Amino acid sequence: MQEKKRNGSVKIITGIALIILIGAMACIGSISDAIGLPAAKALDVIRENGADLASETVLVETEYAPLVLGDSGEAVLKIKLRLYELGYFETNAFTEIYDKETTEQIALFQEVNELKKTGIADAETLALLFSDQAKKLERPEQKDQIYILNTNTKKFHETDCASVRQMKDKNKKEFTGTRDQAIGAGYKPCKNCNP
């Protein structure tokens, strides 16, 4: 009879511990969503502020899901905003789609941060991207130069770009300024000459 009571008590205690663990995981998930941090990072914030809700089980279950070309959602938007903060994107007009430009900027981030250059936002890349160790992209200081704007496609080009020769005269406009100023005026760099 005592054995039965003890087993029953163990089951109740285990059940309570499981409920507490599930509650802690939900709390961590909510905090992570609210402050825009991955759950593992939110867990660190919780620990630093004195709460001890964590267990190793929670850490194992809070990995980053890889993102690739064609994926979409809020996670993609957060990646783009973080890349913008670090200087990889030059504009912050984003969609929630993991497009070709996102793939290129992730590959550049991987190269600068000495990771395998794949263009895929895998767990290792995302963990570094959202950490304090992520390296910013250092761009050289820009000087004024002459660009050719295509007022139709909203792209800007080097003066000797092959695309300029194919452009209709009514769409050509000469622009003197920096690359950033051209982007600020609403133009995107040509993918051929990459001004």
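In this text, all values refer to a predicted model and were calculated from it rather than measured experimentally.
Taking the side chain as every heavy atom from C-beta outward, F156 and P189 approach each other to under 4.5 Å. K78 places none of its side-chain heavy atoms less than 4.5 Å from the side chain of R82. Using a 4.5 Å heavy-atom cutoff, the side chains of K100 and K191 are not in contact. Using a 4.5 Å cut-off on side-chain heavy atoms (C-beta onward), I106 and L83 make contact.
Classification of E124 and K116 as a salt-bridged pair fails, no side-chain N sitting under 4.0 Å from a carboxylate O.
To the nearest 0.5 Å, atoms NZ (K155) and CE (M167) are separated by 11.0 Å. Taking OG1 of T102 as the start and OH of Y88 as the end, the distance is 14.5 Å to the nearest 0.5 Å. Within the model, atoms CD of Q105 and CD1 of I79 stand 13.0 Å from one another, a figure rounded to the nearest 0.5 Å. Rounded to the nearest 0.5 Å, atoms OH (Y147) and SG (C190) are 12.0 Å apart. Summarising the geometry, atom CG belonging to N171 is positioned 11.0 Å from atom CG belonging to L149; distances are rounded to the nearest 0.5 Å. Of the inter-residue distances, the one linking F109 atom CZ with L126 atom CG reads 8.5 Å to the nearest 0.5 angstrom.
Without hydrogens or angle criteria, Q110 side chain to T118 main chain gives a donor-acceptor distance under 3.5 Å. Put simply, the side chain of N113 gets close to the backbone of K135: a donor and an acceptor are under 3.5 Å apart. One N or O on the side chain of K80 and one on the backbone of T95 form a donor-acceptor pair closer than 3.5 Å.
Residues in residues 174-195 take part in no ring-ring contact (aromatic ring centres under 6.0 Å, His included) pair, two or more places apart or across chains.
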